[in-house]
Amino acid sequence: MNSPLVATDLVQTYGEGSNATHALAGVSLSVAPGESLAIMGPSGSGKTTLLHCLAGVLAPTSGSVVWKGADLASLSDRRRTALRRTDFGFVFQSGQLLPELPAVENAALPLMLAGTSRTEATRVAAAWLAHLGLAGLEQRRPGELSGGQSQRVAIARALAGSPGVVFADEPTGALDQATGADVLSVLTSATRSTGAALVVVTHDEAVARHCSRMITMRDGRVTGEYVHEEAAR
Ligand code: ADP
Ligand code: MG
């Protein structure tokens, strides 16, 4: 499913009048199939808001996000939710695994929600866990895994559904630097191996080295764009 994700003139305003916050003040960007895009910028610059708009989690105040020829805002809530499950994968900072479920069931859950049988979803999830170095830990619950292992489960969960785009919001924010670097290289290389695009918000300069392109943001605007030739495909 080789389709770009195209955002045009995204504006997101919270509040009104003198209380208004322009979290996004006109952002246009496009994510090509298979590319990895890092989004950097200070806290409050609009990175999470941008990610949520791109992923159809949040409807922008104005502007559009087009995926496979459809404006996400034009879809019904049901269609948009279904599309998020089948086409997009998500990795958050931490704490987004269900604590009562074993790793393999956490990783299998989005596939099952999208209609895949439990047997098949579990098979795919286990294969991803093994691929990401977690063979033998399938039955551990999140509380029995390290921070780095938990993020690998989250990556397996994001990739198990063969998404077109993986969105990651500060996926290494809760990890020490060495573990974070490991997790990031797992995230970029595993995503790349599937042909999915990756959009990753990060504070970490080192992240950009793993990505084919980086944009910087400030006050709801894109302030810079850098193409990393070596990582570009
Ligand atoms: P970042 O991820 O770069 O730290 P965010 O996208 O979370 O930035 O936030 C951008 C701006 O929008 C900030 O000023 C933040 O306080 C504001 N903001 C974010 N979410 C909300 C919300 N739900 N209600 C009001 N203001 C918000
Ligand atoms: Mg944020």
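In listed order, ligands and their atoms are each counted from 1. For the numbers below, each heavy atom of this structure counts, side chains included, while hydrogens, waters and symmetry mates do not. Here the structure is a predicted model, which is why all the values come from computation and not from measurement.
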Query raised in the report: Checking only N/O/S atoms, does Thr48 have one that is under 2.8 Å from the Mg ion (ligand 2)?
Result: yes

Query raised in the report: Strictly under 4.0 Å, does any heavy atom of Pro42 approach an atom of ligand 1?
Result: yes

Query - Flag side-chain contact, heavy atom, 4.5 Å: Leu97 against Arg157 - result: yes

Query raised in the report: So, Gln149 side chain and Ser146 main chain: donor-acceptor pair closer than 3.5 Å or not?
Result: yes

Query raised in the report: Is Asp219 atom CG crowded by more than 12 heavy atoms from other residues, nucleotides or ligands, each under 6.0 Å away?
Result: no

Query raised in the report: Is the Phe92 ring parallel, tilted or perpendicular to the Phe90 ring (thresholds 30°, 60°)?
Result: parallel

Report task. Indicate, with yes or no, if Phe167 and Leu29 share a hydrophobic cluster defined by side-chain heavy-atom contacts under 4.5 Å among Ile, Leu, Val, Met, Phe, Trp and Tyr. Result -> yes

Query raised in the report: Who gets closest to atom 5 (P) of ligand 1 by heavy atom: Ile39, Thr21, Thr49?
Result: Thr49

Report task. Please confirm whether Gly41 comes under 4.0 Å of ligand 1, counting heavy atoms of the residue only. Result -> no

Query raised in the report: Is there a nitrogen or oxygen of Gly44 sitting under 3.5 Å from a nitrogen or oxygen of ligand 1?
Result: yes

Query raised in the report: Which heavy atom in Val11 sits nearest to a heavy atom in Ala25, and how many Å separate them?
Result: CG2-C, 4.3 Å

Query raised in the report: How does Thr48 reach ligand 1, by side chain, by backbone, by both or by neither, if only non-hydrogen atoms under 4.0 Å count?
Result: both

Requested in this report: Considering only protein heavy atoms, determine whether one is less than 4.0 Å from atom 13 (C) of ligand 1.
Outcome: yes

